There are 2 protein chains.
Amino acid sequence: MKIENAKAQMRKGVLEYCILSVLSDHDAYASDIINKLKEAKMIVVEGTLYPLLTRLKNSELLGYRWEESSQGPPRKYYEITEKGKEFLNELDDSWKELVDAVAFIRNYEQRTD
Amino acid sequence: MKIENAKAQMRKGVLEYCILSVLSDHDAYASDIINKLKEAKMIVVEGTLYPLLTRLKNSELLGYRWEESSQGPPRKYYEITEKGKEFLNELDDSWKELVDAVAFIRNYEQRTD
DNA sequence: TTATAGTACCTTGCAATACATGGTACTATA
DNA sequence: TATAGTACCATGTATTGCAAGGTACTATAA
């Protein structure tokens with residue numbers, strides 16, 4: 001369905017912004033992050049999240065540590081780095097500019113209706 | 001520069017939304033569209049716009065007609081179709097959901113600071 | 001008439017990311 | 001020992017923004 005495809009395209013670039021946001025609040029492991037995003041109605045699956053976390057870690061925007069779990073296998077807790085925080089600020093600016101641009105275009109269109 | 005790359009990624013999916021918005025207001029040719037988007041600080045170049053207009057036309061979301069110009073070559077005026085208007089509404093909903101999701105995540109993060 | 005500038009449109013291949021799919025591994029419990 | 005629940009992972013596909021190089025029409029200058 002074409003709108004689903006458009007939604008996926010709109011998520012490109014925004015997901016890393018959201019993940020860095022979630023982690024700037026507190027450290028988390030993958031399942032935590034998925035649940036936090038789900039609360040915001042940003043539905044992300046593991047197949048998307050793990051490669052993205054790896055990419056962010058490789059870019060030194062995130063770090064991680066292993067922690068034992070009282071049940072099940074050990075968990076990989078991710079944390080944002082200083083570099084990640086700086087990048088998050090830049091993403092914040094970019095996102096706001098984009099939202100403003102879209103609002104300008106949409107409001108301009110509706111004003112002339 | 002990595003932030004420029006992130007910006008390009010954030011524009012994926014959003015550009016077609018903006019272009020359909022611009023054209024739902026009034027018909028336009030490429031240069032018009034580029035200028036309208038520039039007013040909103042959405043910088044788009046021809047190499048991006050022409051393939052996208054072609055894709056939208058092939059998806060029957062847009063139609064076009066040629067019009068002579070008093071100076072220079074003839075111009076291709078694009079217009080949105082009924083199907084395009086319906087899709088624009090769906091894109092509008094999707095965009096708003098995304099913006100709400102991001103706001104939820106960002107506000108949650110700042111509330112706990 | 002020819003050459004040039006301005007304007008309009010176009011094609012193609014590359015880079016980057018979301019994600020589906022299939023997989024491995026650890027731990028607790030039966 | 002086998003199984004269920006949970007956690008993590010790799011890879012290839014699909015899609016779009018866009019840089020780069022191109023063609024073509026029209027008016028104007030030479």
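Throughout, protein chains are lettered first and strands after them, A, B, ... in sequence-line order, and every chain is numbered starting at 1. What you see is a predicted model; the values in this text were computed from it and never measured.
- Nucleotide D:dT16 holds its P atom 14 Å from the CG atom of B:L53, rounded to whole Å.
- Distance, B:K12 NZ to C:dT17 P: 9 Å, rounded to whole Å.
- A:Y17 comes within contact range of no nucleotide atom at all, as no heavy-atom separation falls under 4.0 Å.
- Looking at the side chain of B:K76, the nearest of the listed nucleotides C:dC19, C:dA18, C:dC9 is C:dC9.
- You'll find that the side chain of A:Q9 is closest to D:dT16, out of D:dT16, C:dC10, D:dA24.
- Checking the phosphate oxygens (OP1, OP2) of C:dC19, a side-chain nitrogen or oxygen of A:T48 falls inside 4.0 Å.
- The distance between atom CD of B:E46 and atom C1' of D:dA24, rounded to the nearest whole Å, is 14 Å.
- Nucleic acid contact class of B:S69 (heavy atoms, under 4.0 Å, all strands): none.
- Note on A:R75: a side-chain N or O is less than 4.0 Å away from OP1 or OP2 of D:dA7.
- In this structure, C:dA28 forms a base pair with D:dT3, meeting either the Watson-Crick or the G-U wobble geometry with both donor-acceptor distances under 3.5 Å.
- At least one side-chain nitrogen or oxygen of A:R55 sits closer than 4.0 Å to the OP1 or OP2 atom of C:dT17.
- If you check C:dC19 for Watson-Crick or wobble pairing at under 3.5 angstrom, you find it paired to D:dG12.
- Along DNA chain C, the nucleotide nearest to A:V44 and the one nearest to A:P74 differ in position, and the one closer to the 5' end is contacted by A:V44.
- Position along DNA chain D of the nearest nucleotide to A:S31 versus B:E68 favours A:S31 as the more 5'-ward residue.
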